[in-house]
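Structure first, commentary second.
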Amino acid sequence: MQILKILRNVLMVSIIVFSISCKKNNNNWTLIGTSNTSGKVYLYSVSPEQERTLLDSTMVEKGKFTFKAINPTDHLTPYQFDFVNDDKGGYEFLILNGERLKAVVSDSEKVSYSGTKISDTYNRYNAFRQKELKNMMDLKKVLNNTSMSQDKMNEEMVMYNERMQDIENEKINFLKSIDDPELNSYLILRETILSGVIEKEVFGKYMNALTPESSMTGNGHKLHEMNEVFDAYALSREMSILDSATIQTRYNKLDEDNKSSVYAQKVLDYLHSM
């Protein structure tokens, strides 16, 4: 009887360990990438507010590579994979625990995702980036054309700005249509922060694309925080193109809420470093 009791206890422990192990494996997210690039590929954690952090690397074998990890939370989490280990941006993706995401890299700029519920929506979002890049490349060709008259160049610049404005308006309407609250809030946060110098009008457009459900997410809270202390936030984004006297003057004009914000502290730190 004693032996049977011991065996029963061992069996129960084995079942518990096996169940925990299965649950942990089910929590793994997996990225399966396909590319004609050879050599190493790197995995980074990313955030709109911070530089990316290297997490892992692997080799591309027979045109394929795989990454597995577990997100620190159950929220949709952004990462990047890249074939170069530097400070430049790679191919961003967002994934939940337990998901298997496929990524097909077609060239140095394009990637197509499949296998998760947000893949199609995220591919559509990336298409806007491709349009913006194409417009910028077309403008670069125009500016490098030494035979073009100044009037013609000015005309091309006007047309470029109009095209970029049309893309922005289309993109904002698209962001409004995203049902997933975390994807909606993350992409809007990303757009506002990575756009560099931000005007209140532009920021307001993106804030209007934030759905009520998205406002309750962590990224939604960050957007509202920026909106509430916008003047300090905008100044913190513009510091690199301003002289110290201008920065100091604009800082002095901030109201108390703005001056007590983290963005105002960034401005002060920047002034001290100058």
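Heavy atoms only, all atoms of each residue included: A103 and V111 are closest at CB-CG2, 4.1 Å. Taking all atoms of both residues into account, the shortest heavy-atom contact from R52 to V84 is NH2-O, 3.7 Å.
Atom CZ in R100 sits 10.5 Å away from atom CG in L31 (nearest 0.5 Å).
Put simply, I241 and Y270 are part of the same group of oily side chains (I, L, V, M, F, W, Y) that touch within less than 4.5 Å, one to the next. No continuous path of hydrophobic side-chain contacts links Y42 to M59 [ILVMFWY only; heavy atoms under 4.5 Å]. M216 is not connected to L223 by any chain of hydrophobic side-chain contacts under 4.5 Å among Ile, Leu, Val, Met, Phe, Trp and Tyr, and they are in different clusters.
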In sequence, state the C-alpha distance, the side-chain angles, and the governing distance for Y79 and F67, and then conclude on ring pair (Phe, Tyr, Trp, His ring centres under 6.0 Å).
CA-CA 11 Å; Y79 296 90; F67 284 111; 9.5 Å; no
Give the intermediate values and the outcome of side chain to side chain contact (heavy atoms under 4.5 Å, CB included) for residues K200 and D231.
CA-CA 9 Å; K200 256 181 180 172; D231 293 330; 3.5 Å; yes
Could you give me the CA-CA distance, side-chain angles and deciding distance for I247 and M274, then say whether side chain to side chain contact (heavy atoms under 4.5 Å, CB included) is met?
CA-CA 11 Å; I247 296 172; M274 294 178 73; 4.3 Å; yes
Take Y160 and V142 through the side chain to side chain contact (heavy atoms under 4.5 Å, CB included) test and state the conclusion after the steps.
CA-CA 10 Å; Y160 165 79; V142 170; over 6 Å; no
Pair E191, K171 - check side chain to side chain contact (heavy atoms under 4.5 Å, CB included), show working.
CA-CA 10 Å; E191 285 295 318; K171 181 166 57 178; 2.8 Å; yes
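Ion pairing between K134 and D138 holds under the 4.0 Å rule for side-chain N and carboxylate O.
Side chains of L210 and N184 form a contact here, defined as non-hydrogen atoms less than 4.5 Å apart. For the pair E182/N219, no side-chain contact is recorded, criterion being any heavy-atom separation below 4.5 Å from C-beta on. Side-chain contact check for L133 versus M136: some heavy-atom pair is nearer than 4.5 Å. Side-chain contact between I172 and Y206: present, with at least one pair of heavy atoms (C-beta onward) separated by less than 4.5 Å.
By the 6.0 Å contact criterion, CD on E199 is open, its count of non-hydrogen atoms from other residues, nucleotides or ligands being 12 or less.
Of the residues listed (F128, Y113, F93, Y91), the one engaging Y122 in a ring-ring contact (aromatic ring centres under 6.0 Å, His included) is Y113, and it is the only one.
Ring to ring, F230 and F203 are close: their centroids are under 6.0 angstrom apart.
Using a 30° and 60° split on the angle between ring planes, Y263 and Y233 fall in the perpendicular class, above 60°.
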